[in-house]
Amino acid sequence: MKKILVIDDAEFILESTSSLLEFEGYYVLTAENGRIGFEKAIEHKPDLILCDISMPVMDGFEVLENIRANDITHRTPFIFLTAFNEKSNMREGMTKGADDYLV
């Protein structure tokens with residue numbers, strides 16, 4: 001079973017996204033901020049990370065930088081899950097190694 005880590009500070013996003021993914025047969029891990037998300041990525045080695053950009057403690061860009069710099073997670077597919085659709089945010093994320101965006 002494929003593992004997906006969803007990182008978002010909005011509880012309703014975590015719950016709804018997790019429910020949809022679990023319904024489709026994925027094993028879902030959640031984290032309510034970037035630091036916890038990064039720690040869970042190291043511990044559980046997910047097959048995919050879906051991550052919000054704007055979060056307390058560690059924002060999505062910092063999470064991505066840490067994921068890409070770590071030997072365990074550097075190849076894990078990483079998709080930003082965000083309400084932002086500004087091209088500058090997308091460009092910054094792709095430059096830092098994001099695989100895609102879901103707006």
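Being a predicted model, the structure only gives us computed values, none of them experimental.
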(request) Looking only at non-hydrogen atoms, find the nearest pair between E62 and V57 and report the distance. (result) OE1-O, 4.4 Å

Measure the [atom1]-[atom2] distance between [X] and [Y] for me, rounded to the nearest 0.5 Å.
X: T73; Y: I67; atom1: OG1; atom2: CD1; answer: 4.0 Å
X: C51; Y: I79; atom1: SG; atom2: CD1; answer: 11.5 Å
X: Y27; Y: I4; atom1: OH; atom2: CD1; answer: 12.5 Å
X: L5; Y: F78; atom1: CG; atom2: CZ; answer: 9.0 Å
X: N66; Y: R68; atom1: CG; atom2: CZ; answer: 11.5 Å

Enumerate donor-acceptor pairs with a distance under 3.5 Å from any side-chain N or O in residues 11-18 to protein atoms, sequence neighbours excluded.
from, atom 1, to, atom 2, distance (Å)
S16, OG, F12, O, 2.8
S16, OG, I13, O, 3.4
T17, OG1, I13, O, 2.8
S18, OG, L14, O, 2.6

Distance-only check: which donor-acceptor pairs under 3.5 Å involve side-chain atoms of residues 32-50, not counting sequence neighbours?
from, atom 1, to, atom 2, distance (Å)
N33, OD1, R35, N, 3.0
N33, OD1, I36, N, 2.9
K40, NZ, T30, O, 2.6
D47, OD2, K3, N, 2.7

(request) Tell me whether M58 is reachable from I72 by hopping between hydrophobic residues (I, L, V, M, F, W, Y) whose side-chain heavy atoms are closer than 4.5 Å. (result) yes

